[in-house]
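First the structure, in the form of structure tokens, and then the observations on it.
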Amino acid sequence: MATGTDQVVGMGLVGFSLLLFTYYTVWVIVLPFVDSDHVVHKYFLPREYSVILPGVAALVLILCIGTFIGVVTWKNRKPKKVD
């Protein structure tokens, strides 16, 4: 059973993810249909970043996963037996 702290951290992560998903969805799907001189555009980055930021995030994620696998593999290797 999760403790109260675990539940609060989990709900915080879920809330942050929901906020980020909503922001990105509005930025990518809704904003192209809004006039470019509308006041809502000042709350969002330029559209080029809607492709660059997830690409950089995916690259960092792949780098972290590769580093983790490399470290685990390095620590679990067995020394060669000498006859």
Side-chain angles (χ1 to χ4, degrees):
M1 189 73 177
T3 63
T5 305
D6 291 340
Q7 290 178 346
V8 169
V9 170
M11 288 304 286
L13 288 172
V14 168
F16 176 73
S17 298
L18 183 63
L19 183 70
L20 188 66
F21 176 76
T22 303
Y23 179 85
Y24 188 76
T25 301
V26 169
W27 184 25
V28 172
I29 296 176
V30 175
L31 214 57
F33 298 107
V34 178
D35 292 332
S36 60
D37 59 344
H38 196 274
V39 70
V40 76
H41 278 277
K42 71 178 183 177
Y43 298 110
F44 296 92
L45 292 171
R47 280 190 213 131
E48 295 84 27
Y49 291 105
S50 67
V51 174
I52 294 171
L53 290 177
V56 169
L59 189 64
V60 168
L61 179 67
I62 290 171
L63 178 67
C64 290
I65 290 171
T67 303
F68 174 75
I69 290 172
V71 167
V72 169
T73 304
W74 183 266
K75 286 186 176 182
N76 288 336
R77 67 185 176 108
K78 298 183 187 220
K80 292 182 180 180
K81 293 183 179 181
V82 178
D83 290 329

If Ile, Leu, Val, Met, Phe, Trp and Tyr residues are connected whenever their side-chain heavy atoms lie under 4.5 Å apart, and connections chain through other members, are Met11 and Val9 in the same group?
no
What's the spacing between Lys75 NZ and Thr73 OG1 if we round to 0.5 Å?
11.5 Å
Do Ile29 and Tyr23 sit in one hydrophobic cluster, given that two such residues count as connected whenever their side-chain heavy atoms are within less than 4.5 Å of each other, even indirectly?
yes
Shared hydrophobic cluster, Leu31 / Tyr43 (ILVMFWY, side-chain heavy atoms < 4.5 Å):
yes
Taking atom CD1 of Ile65 and atom CD1 of Ile69, what is their separation to the nearest 0.5 Å?
7.0 Å
Parallel, tilted or perpendicular: which one describes the rings of Tyr24 and Trp27, with boundaries at 30° and 60°?
perpendicular
Going only through I, L, V, M, F, W and Y residues with side-chain contacts under 4.5 Å, is there a path from Leu45 to Val56?
no
What distance do Leu20 atom CG and Thr25 atom OG1 have between them, rounded to the nearest 0.5 Å?
9.0 Å
Determine whether the aromatic ring centres of Phe44 and Tyr49 lie less than 6.0 Å apart.
no
So CD of Glu48 and CG of Leu53: to nearest 0.5 Å the spacing works out to 11.0 Å
